[in-house]
Amino acid sequence: MVLGIHAYRHSAFPLSGPGAVDPAERMARREEAYRLTAAEGLPHHVREAAAATLEAIDGGCESAALSAVEDLRKAIRTRHCDL
């Protein structure tokens with residue numbers, strides 16, 4: 001799931017600048033990230049953090065997306081510590 005979200009983020013905010021990623025590629029990565037986030041078996045708080053990350057990426061603000069990714073990482077770490 002995390003790799004799918006990162007792939008989508010990198011297609012939305014490519015290092016080589018706006019327009020560097022084909023819109024069809026970006027949409028395919030977006031759809032895959034959403035599909036992975038909806039997978040059963042993910043704890044609710046992780047799924048919520050992932051959904052917030054996808055929303056931030058969709059919003060087009062890179063700094064908000066980076067902040068949401070960090071929140072997702074924290075949610076995942078919390079889950080691992082609880083095990």
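All residue numbers in this chain count up from 1 along the given sequence.
The two residues Ala33 and Leu54 come nearest to each other via the heavy atoms CB-CD2, 3.7 Å. The shortest non-hydrogen separation linking Ala68 to Ala56 is CB-CB, 3.9 Å. What you find for Asp71 and Ala49 is that their closest heavy atoms are O-CB, 4.4 Å. What you find for Ala38 and Arg47 is that their closest heavy atoms are O-NH1, 4.0 Å. Across all their heavy atoms, Ala65 and Ile57 have their closest contact at CB-CG1, 3.9 Å. Of all non-hydrogen atoms in Met1 and Ala50, the two that sit nearest each other are SD-CB, 3.5 Å.
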Exercise for the section: Apply the test side chain to side chain contact (heavy atoms under 4.5 Å, CB included) to residues Arg29 and Val21: give CA-CA distance (whole Å), side-chain angles for both, the deciding distance (0.1 Å), then the verdict. Expected result: CA-CA 11 Å; Arg29 291 184 184 272; Val21 176; 5.8 Å; no

Handout entry: Evaluation steps, salt bridge (Lys or Arg N to Asp or Glu O under 4.0 Å), between Arg73 and Glu70
Key = CA-CA 5 Å; Arg73 287 182 185 145; Glu70 185 56 35; 3.4 Å; yes

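Taking CG of Leu42 as the start and OG1 of Thr37 as the end, the distance is 7.5 Å to the nearest 0.5 Å. From Glu32, atom CD reaches atom CZ of Arg35 across 4.0 Å, with rounding to the nearest 0.5 Å.
Residues Phe13 and Leu66 form no side-chain contact, since every pair of their non-hydrogen atoms from C-beta on lies 4.5 Å or further apart. Within the 4.5 Å cutoff, side-chain heavy atoms of Arg26 are placed close to those of Tyr8. Looking at Val69 and His6, their side chains come closer than 4.5 Å, going by heavy atoms from C-beta outward.
Checked by atom type and distance alone, the side chain of Ser67 never pairs as donor or acceptor with a backbone atom of Ser63 at under 3.5 Å.
Val2 is connected to Ile5 through a chain of hydrophobic side-chain contacts under 4.5 Å among Ile, Leu, Val, Met, Phe, Trp and Tyr, so both are in one cluster.
Among residues two or more places apart in sequence or in another chain, the side chain to side chain contact (heavy atoms under 4.5 Å, CB included) test is passed with Ser16 by Pro14, Ala20.
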